[in-house]
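The block underneath contains the structure these notes are about, expressed in C-alpha cells.
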Amino acid sequence: MAGRWVTNLCFHGIGSPNREREPGESSYWVDQETFSRVLDVVAARSDVRLSFDDGNASDLAVALPELVDRGLNATFFPVAARLDRPGNLTRTDVRALVTAGMTVGSHGMHHRSWRGMDAAAMSDELDRARSEIAAAAGRPVTAAACPLGAYDRTVLLALRRRGYEAVYTSDRAGALERAWLQPRFSVRATDDVEDVRAVLERSSGAARAVRAAARIVAKSLR
C-alpha cells in the first residue's frame with residue numbers, strides 16, 4: 001500500500017544567486033519573503049513534503065532556520081562535486097542539516113542528465129556521488145533526485161539495482177506518500193504564495209493525480 005496522496009514541493013536557491021552556473025538557474029531562486037510565506041502555508045498541512053536540490057549555501061543559511069522555526073522537516077539533495085565550493089554547502093554544512101533532523105539524499109556528482117550515460121559515468125553519478133554525500137552526512141544515502149528532471153527506464157533500473165529507496169523527479173504531479181517514484185513541483189522565482197496554494201489544491205485531487213501518474217508511467221517506460 002503506497003498510502004495517501006501528497007504534494008512534493010522542491011526549492012533550489014533562496015534569495016539571489018551570486019552567479020549563474022547554468023543558463024536559467026536564477027529562474028529557480030525564490031526570494032526569502034515568498035519562501036517564508038510558503039512555509040507558513042505548508043506548516044498548516046500534513047500532506048506536503050519539502051525538498052531542496054543542488055546544495056546551495058542558502059539551504060543552511062536561510063532555509064534551515066525557517067524550517068526549524070516551524071517544526072518542519074525536509075530532504076536536501078546536494079551535488080557531490082560542488083561540496084565545499086563557494087556558494088555551496090560544505091561537508092560540515094551537510095552534517096549540520098542531519099544534526100538538525102533533516103534528511104540528505106543525492107543529486108549526483110556533476111548536475112547533468114543521467115540519461116544516455118555509459119557504465120562508468122553512471123557509476124560516477126549514482127555510486128561515487130552517493131558515497132561522498134553519505135560520508136559528509138555521516139549516514140547512508142537512500143534517496144536520489146534526478147538532475148534536470150531527466151530520467152528513463154534505464155536510469156530507473158540503475159537506481160533500483162543500487163537499492164535507492166526513493167527517487168524524486170520534477171514531473172509536477174501529486175505523489176503517493178510511500179511510492180518509490182516521487183514527482184515534485186519546483187517552486188520558481190515567478191511563483192508567489194497564491195500560485196503555490198493553487199498547486200496544492202490541484203494536486204490533492206485523487207482523480208487528477210491518477211491521470212498524472214499514468215503519464216509518469218509512460219515516461220518511465222521509454
Item to complete: Might you work through the salt bridge (charged side-chain N to carboxylate O under 4.0 Å, His left out) test for D124 and R130, ending with a clear yes or no?
Response: CA-CA 9 Å; D124 197 43; R130 181 187 202 177; over 6 Å; no
inquiry  = salt bridge (charged side-chain N to carboxylate O under 4.0 Å, His left out) for R197 and E201? Distances and angles first, verdict last.
reply    = CA-CA 6 Å; R197 287 185 194 273; E201 294 309 313; over 6 Å; no
Please assess R37 against D192 for the test side-chain contact (heavy atoms from CB on, under 4.5 Å), listing each intermediate value before the final yes or no. CA-CA 9 Å; R37 293 184 66 196; D192 60 25; 5.9 Å; no
side-chain contact (heavy atoms from CB on, under 4.5 Å), that's the test. Do R4 and S46 meet it? Break it down for me.
CA-CA 11 Å; R4 61 176 177 158; S46 63; 3.2 Å; yes
Q: For side-chain contact (heavy atoms from CB on, under 4.5 Å), just list the numbers for Y164 and T142, CA-CA rounded to whole Å, side-chain angles, deciding distance to a tenth of an Å, and then say yes or no.
A: CA-CA 5 Å; Y164 283 91; T142 62; over 6 Å; no
Check your understanding: Yes or no on side-chain contact (heavy atoms from CB on, under 4.5 Å) for V167 and Q182, after CA distance, side-chain angles and deciding distance?
Key -> CA-CA 6 Å; V167 175; Q182 290 286 313; over 6 Å; no
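Sorted by first and then second residue, the ring pair (Phe, Tyr, Trp, His ring centres under 6.0 Å) pairs involving residues 166-188 (not counting sequence neighbours) are F77-Y168.
Side-chain atoms of E22 and H111 form a donor-acceptor pair, as typed in the model, at a separation below 3.5 Å. Between Y28 and N56, the side chains place no donor N or O within less than 3.5 Å of an acceptor N or O (distance only, hydrogens not considered).
Cluster annotation: L64 and V79 are assigned to distinct hydrophobic clusters (Ile/Leu/Val/Met/Phe/Trp/Tyr, side-chain heavy-atom contacts under 4.5 Å, transitive). Linking Ile, Leu, Val, Met, Phe, Trp and Tyr whenever their side-chain heavy atoms come within less than 4.5 Å puts V187 and V199 in one cluster. Cluster membership for W114 and L148, using ILVMFWY side-chain heavy atoms within less than 4.5 angstrom, is not shared. Both I14 and V48 belong to a common hydrophobic cluster when Ile, Leu, Val, Met, Phe, Trp and Tyr are linked at side-chain heavy-atom distances under 4.5 angstrom. W29 and V62 are assigned to two separate hydrophobic clusters, defined by single-linkage of ILVMFWY side chains at heavy-atom distances under 4.5 Å.
Remark: the backbone N or O of A61 is not paired with any side-chain donor or acceptor of S58 at under 3.5 angstrom. Under a 3.5 Å cut-off, the side chain of S27 and the backbone N or O of G24 do form a donor-acceptor pair. Remark: side-chain polar atoms of S131 are paired, donor with acceptor, to backbone N or O of D127 under 3.5 angstrom. No side-chain donor-acceptor contact under 3.5 Å links D69 to the backbone of E66. With hydrogens and angles disregarded, a donor-acceptor distance shorter than 3.5 Å links the side chain of T99 to the backbone of R95. Of the possible polar contacts, none joining the E132 side chain to the R128 backbone as a donor-acceptor pair under 3.5 Å is found. Side-chain atoms of N73 do not come within 3.5 Å of backbone N or O of M102 as any donor-acceptor pair. With hydrogens and angles ignored, the 3.5 Å screen pairs a side-chain donor or acceptor of E125 with a backbone N or O of M109. A distance-only check finds no donor-acceptor pair linking the side chain of R82 to the backbone of P78 [under 3.5 Å].
By the 6.0 Å contact criterion, CD on E194 is enclosed, its count of non-hydrogen atoms from other residues, nucleotides or ligands being greater than 12. Counted within 6.0 Å of CG on N18, heavy atoms from surrounding residues, nucleotides or ligands total 12 or fewer; the atom is thus considered open. Atom CZ of R91 has more than 12 neighbouring heavy atoms from other residues, nucleotides or ligands inside a 6.0 Å radius.
A pairwise comparison of heavy atoms in I133 and G105 identifies CG2-O, 3.6 Å as the closest pair. Taking every heavy atom of both residues into account, L60 and A96 meet most closely at CD1-CB, 4.0 Å. Residue S106 comes nearest to V141 through the heavy atom pair N-CG1, 3.7 Å, listed as atom of the first residue, atom of the second, then distance. Residue A173 comes nearest to P183 through the heavy atom pair O-CB, 3.5 Å, listed as atom of the first residue, atom of the second, then distance. Closest approach of S186 to S170, counting heavy atoms only: OG-OG, 4.3 Å.
Residues L176 and V6 fail the side-chain proximity criterion, which asks for heavy atoms closer than 4.5 Å. At a threshold of 4.5 Å between non-hydrogen side-chain atoms, the residues T154 and R115 do not count as touching. The closest side-chain heavy-atom distance from D93 to L97 is not below 4.5 Å. Between Y151 and T169 there is a side-chain heavy-atom pair separated by less than 4.5 Å.
Taking the charged nitrogens against the carboxylate oxygens, R184 and D53 do have a contact shorter than 4.0 Å, which makes a salt bridge.
For the atom pair OG (S51) and NE2 (H12), the distance works out to 8.0 Å, reported to the nearest 0.5 Å. The CZ atom of R49 sits 9.5 Å away from the OG1 atom of T75 when rounded to the nearest 0.5 Å. Put simply, CG on D191 and CZ on F11 are 9.0 Å apart, with the number rounded to the nearest 0.5 Å. The line from CG of L67 to CZ of F76 is 5.5 Å long, rounded to the nearest 0.5 Å. To the nearest 0.5 Å, atom CG of residue N8 and atom CD of residue E177 are 10.5 Å apart. To the nearest 0.5 angstrom, D59 atom CG is 9.5 Å from N88 atom CG.
Of the options L39, V41, L50, a side-chain contact (heavy atoms from CB on, under 4.5 Å) to L9 is made by L50 and by none of the others.
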